Engineer: 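Before we start, here is the structure in question, set down as structure tokens.
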Number of protein chains: 2
Amino acid sequence: MLTNTEENYIKAIYHLSVDNKTVRTNAISEVMNTTPASVSDMLKKLSDKSYIYYEKYQGVSLTKKGKTEALQVVRKHRLWEVFLVEKLNFNWDEVHEIAEQLEHIQSKLLIERLDDFLDNPTSDPHGDPIPNAKGEMPVLRQVLLSELEVNGKAKVMGMKEHSPAFLQYLDKLGISIGSAVKVTDRVVFDASVELKVNDKKTMVVSHEVAKNILVSPID
Amino acid sequence: MLTNTEENYIKAIYHLSVDNKTVRTNAISEVMNTTPASVSDMLKKLSDKSYIYYEKYQGVSLTKKGKTEALQVVRKHRLWEVFLVEKLNFNWDEVHEIAEQLEHIQSKLLIERLDDFLDNPTSDPHGDPIPNAKGEMPVLRQVLLSELEVNGKAKVMGMKEHSPAFLQYLDKLGISIGSAVKVTDRVVFDASVELKVNDKKTMVVSHEVAKNILVSPID
DNA sequence: AAAGTAATTTAGAGGGATCTAAACTTAGGG
DNA sequence: CCCTAAGTTTAGATCCCTCTAAATTACTTT
């Protein structure tokens, strides 16, 4: 049985593990808001319990066991976020703190019941995928922003065009990977798209631009 | 800000405070599953923070501040129990452990939203009253078991008749204060009542008996 | 009212999580 | 290729909660 803190460390390591690179002590201390010294202590403990591979001064990575654990925490966090937004009418940007607490509630049965109650969602309100009970990440279907129906919400996953001009333009609009977008209207005349970014800014982009933005619909 | 443990102690003291008598160290250690020594330590701390009145060797009682705190925890616990039973289809006797964890989630807003989502219930699945946001306990309406409609659920609150014969009879039936009862049928001929006790045993009691059992309906 | 027993508190210690300060390792720049 | 700066670990301490064992207080019983 893991303590809340141990779960948080494992989750942090999971989120910091991009492209199989080893995760550094300082990076962990930053996201956890602790000192590197505290992280070192904890890494030793997690290594003893075989949740991570750890070589002094070389950074860490999750073992199979650690990854399984991390995915369960992520699953719980994201399911609770869906609950807060869908059922309790929270805004998608208000739910993180509360889900940070709820994710540590221990009860397998509770999570399965919650999952059913929420109709087994595959992504959370931010558009992030929800691992299933076995810890498998669903493959999110991706479409072009130009293909999203009116009132459809989605999360920006990437761009098809990579020219500096295009990227700078998106930057100016405030659109980046991870942005939440909602199509509010589509102009029939030229297929340009009116959308809301991160629930705040409303703007119009041309069909040409929309065709180059990959998004993942949020049910 | 209270720790989970402090909240649990305060809640325990609250539940042990019947008829204004002082609560003893041993009693607390028993319900908390700790040693009296641990309790003594904690009492000193809670006293320093003015949640309790505490004189060595004399037992403790809650201050205004402590009582307010206790009622908030009780409110959260009972609201979550309603959620688990009403929304996630748990059985009323499976929810306590999980609610013990959920009651410590910190977010005023969450609890108010949950309360609304559940249609502001006044009692939990066990029939215990739910304090409102100000910490006021609702006065539960009490009726006689003989007056409860068919399919009505209620909690046994007390008896009108106190003769040993009557009490022994109830004992044999497995009916006591706190029992959950559900009226499954009423015989028109003699108004005797068929009921289920604690979701398990089904039995029939005469109208005469039903007239002497006070119950509080669970919505 | 004294003695014995039960309840309670204190003393001392340990595990978990954190910190600061100091020591150590790694890697990049001169 | 060495040296320094950045990154990391160790040492030593603190806070929270718990324990066991010993000391103290309160209560009961004769």
Side-chain angles (χ1 to χ4, degrees), chain A residues 1-18 21-62 66 69-70 73 100-101 103-106, chain B residues 1-18 21-62 66 69-70 73 100-101 103-106:
Chain A
M1 181 94 309
L2 291 161
T3 65
N4 286 7
T5 310
E6 287 169 337
E7 285 191 350
N8 284 334
Y9 272 93
I10 288 174
K11 191 183 54 158
I13 294 167
Y14 173 80
H15 286 309
L16 289 168
S17 296
V18 283
K21 276 225 292 251
T22 215
V23 178
R24 309 314 309 260
T25 301
N26 268 8
I28 300 171
S29 78
E30 207 159 304
V31 304
M32 298 280 302
N33 265 306
T34 58
T35 59
S38 307
V39 175
S40 278
D41 273 3
M42 182 55 87
L43 294 184
K44 211 175 305 149
K45 194 171 22 148
L46 291 176
S47 175
D48 288 349
K49 296 188 182 178
S50 340
Y51 288 104
I52 57 174
Y53 299 114
Y54 175 43
E55 303 242 22
K56 274 191 209 174
Y57 296 102
Q58 299 311 137
V60 295
S61 59
L62 292 172
E69 216 43 70
V73 178
E100 286 287 299
Q101 298 180 61
E103 73 188 6
H104 300 296
I105 303 293
Q106 303 287 357
Chain B
M1 181 94 307
L2 292 160
T3 65
N4 285 9
T5 311
E6 287 168 337
E7 285 191 352
N8 284 334
Y9 272 93
I10 288 175
K11 191 183 52 158
I13 295 167
Y14 173 81
H15 286 309
L16 290 168
S17 295
V18 283
K21 277 224 292 250
T22 215
V23 178
R24 310 313 312 255
T25 300
N26 268 10
I28 300 171
S29 79
E30 207 160 303
V31 304
M32 297 280 303
N33 264 307
T34 58
T35 59
S38 307
V39 176
S40 279
D41 273 3
M42 183 55 86
L43 294 183
K44 212 175 303 148
K45 192 167 29 144
L46 291 177
S47 176
D48 289 348
K49 297 188 182 179
S50 337
Y51 288 102
I52 57 174
Y53 299 114
Y54 175 44
E55 304 241 22
K56 274 192 212 175
Y57 296 101
Q58 300 310 139
V60 295
S61 59
L62 292 172
E69 215 44 68
V73 178
E100 286 287 298
Q101 298 180 60
E103 73 189 4
H104 300 296
I105 303 291
Q106 302 289 358

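Residue numbers start from 1 in every chain, and the chains themselves are labelled A, B, ... in the order their sequence lines are given, proteins ahead of strands. Keep in mind the model is a prediction, meaning the values are calculated, not measured.
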Engineer: Looking at C/dA23, I'd like to know if its phosphate oxygens (OP1 or OP2) sit under 4.0 Å from a side-chain N or O belonging to A/Tyr57.
Structural biologist: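 Answer no for this pair, as no side-chain N or O of A/Tyr57 is under 4.0 Å from OP1 or OP2.
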Engineer: Should A/Thr35 be listed as having a side-chain N or O under 4.0 Å from OP1 or OP2 of C/dC19?
Structural biologist: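 So the side-chain polar atoms of A/Thr35 do come within 4.0 Å of the phosphate oxygens OP1 or OP2 of C/dC19, strictly under.
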Engineer: Between A/Glu6 and B/Ala37, which is nearer to the 5' end of DNA chain C once each is assigned its nearest nucleotide?
Structural biologist: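 Of the two residues, B/Ala37 wins.
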Engineer: Do NZ/NE/NH1/NH2 and the carboxylate oxygens of A/Glu100 and A/Lys11 come within less than 4.0 Å?
Structural biologist: yes
Engineer: Side-chain contact test, heavy atoms from C-beta onward, threshold under 4.5 Å: evaluate it for A/Leu62 versus A/Tyr51 and give yes or no.
Structural biologist: no
Engineer: Base, sugar-phosphate alone, or nothing: which one does A/Ser38 contact when heavy atoms must sit under 4.0 Å apart?
Structural biologist: base
Engineer: Consider the side chain of A/Lys44, meaning its heavy atoms from C-beta on, and name the nucleotide among D/dT10, C/dG16, D/dT18 that approaches it most closely.
Structural biologist: D/dT10
Engineer: Report yes if at least one side-chain N or O of B/Ser40 is closer than 4.0 Å to OP1 or OP2 of C/dT9; otherwise report no.
Structural biologist: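 Yes.
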Engineer: Reckon A/Thr3 has a side-chain N or O less than 4.0 Å from the OP1 or OP2 of C/dG16?
Structural biologist: no
Engineer: A/Gln101 and B/Gln101: side-chain hydrogen bond (donor to acceptor under 3.5 Å, both in side chains), yes or no, with the steps?
Structural biologist: CA-CA 10 Å; A/Gln101 298 180 61; B/Gln101 298 180 60; over 6 Å; no
Engineer: Check this one for me: any side-chain N or O of B/Lys56 less than 4.0 Å away from OP1 or OP2 of C/dT10?
Structural biologist: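 Checking B/Lys56 against C/dT10: at least one side-chain N or O falls below 4.0 Å of OP1 or OP2.
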Engineer: Counting side-chain heavy atoms from C-beta on, which of C/dC19, D/dT8, D/dC19 comes nearest to A/Pro36?
Structural biologist: D/dT8
Engineer: A/Leu43 CG to D/dT9 C1': how many Å, rounded?
Structural biologist: 10 Å
Engineer: When the distance from CG of A/Leu46 to C1' of C/dG16 is rounded to whole Å, what number comes out?
Structural biologist: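 In whole Å, C/dG16 C1' and A/Leu46 CG are 12 Å from each other.
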Engineer: Under 4.0 Å, heavy atoms only, any strand: does B/Thr34 hit a base, just the sugar-phosphate, or nothing?
Structural biologist: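 The answer is sugar-phosphate, as B/Thr34 gets under 4.0 Å only of primed atoms, P, OP1 or OP2.
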Engineer: Would you say B/Thr25 reaches C/dA7's phosphate, i.e. side-chain N/O to OP1/OP2 under 4.0 Å?
Structural biologist: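 B/Thr25 to C/dA7 OP1/OP2: no side-chain N or O under 4.0 Å.
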Engineer: Calculate the interatomic distance between B/Asn26 atom CG and C/dA6 atom P; express it in whole Å.
Structural biologist: 12 Å
Engineer: To the nearest Å, give me how far apart NZ (A/Lys49) and P (C/dG16) are.
Structural biologist: 7 Å
Engineer: Output the rounded distance in Å from CG (B/Asn8) to C1' (D/dC16).
Structural biologist: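 The answer, rounded to whole Å, is 14 Å.
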Engineer: Are side-chain heavy atoms of A/Met32 and A/Asn8 found at a separation under 4.5 Å?
Structural biologist: yes
Engineer: Find the distance A/Met32:CE to C/dC19:P and express it as a whole number of Å.
Structural biologist: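 My rounded result for the distance is 10 Å.
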Engineer: Take the protein atom OH of B/Tyr54 and the nucleotide atom P of D/dT25, then report the distance between them rounded to whole Å.
Structural biologist: 13 Å
Engineer: Rounded to whole Å, please give me the gap between OH in A/Tyr9 and P in C/dG16.
Structural biologist: 14 Å
Engineer: In this structure, which one of A/Val23, A/Asp48, A/Ile13 forms a side chain to side chain contact (heavy atoms under 4.5 Å, CB included) with A/Leu43?
Structural biologist: A/Ile13
Engineer: Which residue, B/Asn33 or B/Arg24, contacts DNA chain D at a nucleotide closer to its 5' end, judged by nearest heavy atom?
Structural biologist: B/Asn33
